[in-house]
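Below is one structure, written out as structure tokens; comments come after it.
The figures that follow rest on heavy atoms only: side chains count, while hydrogens, waters and symmetry mates do not.
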Amino acid sequence: MKRIRTRFAPSPTGYMHIGNLRTALYAYLFAKSQGGDFILRIEDTDRARYVPDAVEFIERTLAAAKIIPDEGPHHGGNFAPYVQSERMDIYKKYAEQLVESGHAYHEDGAIRQKMPRVGETTFYDVLHGNITIANSELEDQVLLKSDGMPTYNFANVIDDHLMEVSHIIRGTEFITSTPKHVLLYEFFGWELPTFIHLAPVMGKAEDGTVSKLSKRHGATSFNDLIEAGYLPEAITNYVALLGWSPKNSCQEIFSMDELIANFSLDGLSKSPAVFDYAKLDWMSGEYFKAMTDENFAAVADKYLAGYDKIFLASLLKTRVAKLSDIPAMIAFLKELPPFDIELFTNKRNKVTPQKSAEILAPAIKILEQVDLWTLDTLNEKISAFVAESGLKVGAVMWPLRIALSMQKVTPGGVTEILYLLGKETSLDRLNAALEKLQ
């Protein structure tokens, strides 16, 4: 069997869009699942759109996503160079060869492909079946521009053949260009690769309308999502499921090794996938829950400064979807929100502002006597207070939580908040709330 070789061939024009990341991921997963090779090739012949440092950015993104090329600009390989602007002599040679065989011609310093005027060009796509386009619809495209630069439609065919790419995985926007590529393969007498054109990734607007994923839908690049606080592994896992599903399995959480083991082309869908931020939040949350307290503290380190990081990590890791959720969740620890007497009313626990004052007064006296401000001691004292009060746990904890945090929901309960705030701050907040309630 011919060795499976796939490639990811981005243009260095900026950040890596989610659709580009998915293309790279599927090409990588297919190659690795078949024991083949995954190639990174930089298609930088469009100099007007070239962004400095974009190649390094692409490589860092792939590394963060654990998509590791076997060959590429900084990975070596037998088909170097892997940057198109360094392969100019190769393209000129093959363009002139087409002129000599009558399949291309010179015009105004450029070389154009000579298209047949009759008949049809058909190619097979794994997802879409046979696709046929009338040759009369194909214009004589430029292969080599007057400055010697090749066009995408020419250079990618030359490189895919010379680099022995067996399967081309890319977006459906390239379907209409593929007949031109197929004709080039035929003109050279080369064997066609297998084509897989992926359906686009869509985004859903607030009004429910669906369109191609763009900035108006939110974060749309891998880097945007990382900066929002999602784990790289969770993003990669989620992107893998945007148009692919494992056979005979409902599994949704996959390590990279598991993705490789389960991936197959027949699991791909030809229907567009919708990027669902709520689903990404859920998946990211599952990754956080599975982490040890120490690992979560490490990735969330910059948000936990000034606190018992491991303890706070244990409270937060089951409550966050992305790391950027943390500042808002723990802001009350640094600065108490404005006093709001309405928060002290809780119908379920039959708590009112007046009842809250009656609970806070004796609770403060008990806490003032605590010398060893530890979780165990605080739990012991609060539990004893609840038992002595004759009230339900919720009725006692509600006014304490509100006085300490001024919010209905907190990471951790009353004793955890007391511990994190420390004795002095805790008593200051409780006394201030009691005074206002009275």
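Proximity of Pro12 to Phe57: side-chain heavy atoms (C-beta onward) are nowhere separated by under 4.5 Å. Contact check for Leu323 versus Tyr303: side-chain heavy atoms found under the 4.5 Å cut-off. Using a 4.5 Å heavy-atom threshold, the side chains of Ser221 and Ile18 count as separate. Two residues are said to be in side-chain contact when any heavy atoms from C-beta on lie closer than 4.5 Å; Thr194 and Ile168 fail this criterion. Inter-residue side-chain proximity for Ile67 and Leu21 is flagged as met; some heavy-atom pair is nearer than 4.5 Å. Residues Glu71 and Leu40 are not in side-chain contact: their nearest non-hydrogen atoms beyond the backbone lie 4.5 Å or more apart. Taking the side chain as every heavy atom from C-beta outward, Asn237 and Ile253 approach each other to under 4.5 Å. Side-chain contact between Met202 and Leu213 is absent, with no heavy atoms from C-beta onward closer than 4.5 Å.
If you check the side chains of Glu227 and Asn223, you find a donor sitting under 3.5 Å from an acceptor. Inspection of the His75 and Asp70 side chains reveals no N or O donor paired with an N or O acceptor under 3.5 Å. With hydrogens and angles left out, the side-chain atoms of Arg117 and Ser136 include no donor and acceptor closer than 3.5 Å. Judged by distance alone, the side chains of Asp140 and Gln113 never bring a donor and an acceptor atom under 3.5 Å apart. A side-chain N or O of Arg170 and one of Thr178 form a donor-acceptor pair less than 3.5 Å apart. Between the side chains of Tyr91 and Asp159, at least one donor N or O sits under 3.5 Å from an acceptor N or O. For the residue pair Asn349 / Asn346, a side-chain donor-acceptor distance below 3.5 Å is found, with atom types taken as modelled. In this structure, a donor-acceptor pair under 3.5 Å is present between the side chains of Asn379 and Thr415. Using a 3.5 Å distance cut-off with no hydrogens or angles, the side chains of Glu43 and Tyr152 do not pair a donor with an acceptor.
When each of Phe275, Tyr277, Trp282 is checked for a ring pair (Phe, Tyr, Trp, His ring centres under 6.0 Å) with Tyr238, only Phe275 meets the rule. Among the candidates Phe30, Tyr28, Phe8, the single residue satisfying the ring pair (Phe, Tyr, Trp, His ring centres under 6.0 Å) test with Phe38 is Tyr28.
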key: side-chain contact (heavy atoms from CB on, under 4.5 Å) between Ser426 and Trp373, intermediate numbers included   = CA-CA 11 Å; Ser426 295; Trp373 201 263; 3.8 Å; yes
key: Verdict with supporting geometry, Tyr26 and Leu268, side-chain contact (heavy atoms from CB on, under 4.5 Å)   = CA-CA 9 Å; Tyr26 287 173; Leu268 294 173; 3.6 Å; yes
inquiry  = The test is side-chain hydrogen bond (donor to acceptor under 3.5 Å, both in side chains); show your working for Arg401 and Thr410 and say whether it passes.
reply    = CA-CA 8 Å; Arg401 181 196 298 271; Thr410 56; 2.4 Å; yes
inquiry  = Set out, in order, the CA-CA distance, both residues' side-chain angles and the distance that settles side-chain contact (heavy atoms from CB on, under 4.5 Å) for Met291 and Leu231, then state yes or no.
reply    = CA-CA 11 Å; Met291 297 175 82; Leu231 285 177; 3.9 Å; yes
task = Let me see the working for Asn135 and Met115 under side-chain contact (heavy atoms from CB on, under 4.5 Å), right down to the final yes or no.
result = CA-CA 7 Å; Asn135 291 333; Met115 297 294 185; over 6 Å; no
task = Applying side-chain hydrogen bond (donor to acceptor under 3.5 Å, both in side chains), run through Asp44 and Ser85 and close with a yes or a no.
result = CA-CA 6 Å; Asp44 64 341; Ser85 61; 2.6 Å; yes
ask   = For Arg41 and Asp160, what are the C-alpha separation, side-chain angles and deciding distance, and is it a salt bridge (charged side-chain N to carboxylate O under 4.0 Å, His left out)?
value = CA-CA 10 Å; Arg41 186 176 72 229; Asp160 285 338; 2.9 Å; yes
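Taken from OH in Tyr82 to NE2 in His74, the straight-line distance is 13.5 Å, to the nearest 0.5 Å. Atoms CD and OG, from Glu107 and Ser146 in turn, are 11.0 Å apart once rounded to the nearest 0.5 Å. In this structure, CZ on Phe79 lies 10.0 Å from CZ on Arg87, to the nearest 0.5 angstrom. Taking CD1 of Ile417 as the start and CG of Leu378 as the end, the distance is 11.5 Å to the nearest 0.5 Å. Taking CG of Leu184 as the start and CG of Leu143 as the end, the distance is 6.0 Å to the nearest 0.5 Å. Annotation: the span from Leu418 atom CG to Arg429 atom CZ amounts to 10.5 Å, rounded to 0.5 Å.
Under the 4.0 Å criterion applied to side-chain N and carboxylate O atoms, Glu56 and Arg60 are not assigned as salt-bridge partners. Checked for salt-bridge contact, Glu252 and Lys279 meet the test: a charged N lies under 4.0 Å from a carboxylate O. A salt bridge links Lys180 with Glu139: the closest approach of a Lys/Arg side-chain nitrogen to an acidic carboxylate oxygen falls below 4.0 angstrom. Salt bridge annotation for Lys309-Asp301: present, with a cationic side-chain nitrogen under 4.0 angstrom from a carboxylate oxygen.
Atom CG of Asp266 is surrounded by more than 12 heavy atoms from other residues, nucleotides or ligands within 6.0 Å. Surrounding NZ of Lys114 are at most 12 heavy atoms belonging to other residues, nucleotides or ligands under 6.0 Å away. Remark: Asp89 CG is loosely packed, at most 12 non-hydrogen atoms of other residues, nucleotides or ligands lying under 6.0 Å away. Annotation for Lys270: atom NZ does not count as buried by contact number, only 12 or fewer foreign heavy atoms lying within 6.0 Å. The neighbour count for Lys347 NZ, taken as heavy atoms of other residues, nucleotides or ligands under 6.0 Å away, does not exceed 12.
Of all heavy-atom pairs between Ser324 and Pro327, the closest is O-CD, 3.4 Å. Closest approach of Ile330 to Pro411, counting heavy atoms only: CG2-CG, 4.3 Å. Taking every heavy atom of both residues into account, Val274 and Leu242 meet most closely at O-CD2, 3.7 Å. Nearest heavy atom pair, residue Phe222 against residue Pro232, reads CZ-CB, 4.0 Å. Closest approach of Arg22 and Leu198 over heavy atoms only: NH2-CB, 3.6 Å. The nearest pair of heavy atoms linking Leu315 to Gly412 is CD2-CA, 4.1 Å.
Glu258 contributes a side-chain N or O that, together with a main-chain N or O of Ser255, makes up a donor-acceptor pair within less than 3.5 Å. The main-chain N or O of Leu98 is found under 3.5 Å from a side-chain atom of Ser101 such that the two form a donor-acceptor pair. At least one donor-acceptor pair closer than 3.5 Å links the side chain of Asp147 to the backbone N or O of Met149. Between the side chain of Asp325 and the backbone N or O of Lys322 there is at least one donor-acceptor pair closer than 3.5 Å. Of the possible donor and acceptor atoms, none in the side chain of Ser284 sits under 3.5 Å from a partner among the backbone N and O of Tyr230. Side-chain atoms of Ser245 never come within 3.5 Å of backbone atoms of Leu241 as a donor-acceptor pair (strictly under, hydrogens ignored). A donor-acceptor pair under 3.5 Å is formed between the side chain of Ser314 and the backbone N or O of Phe311.
The distance between the ring centers of Tyr124 and Phe195 does not fall below 6.0 angstrom.
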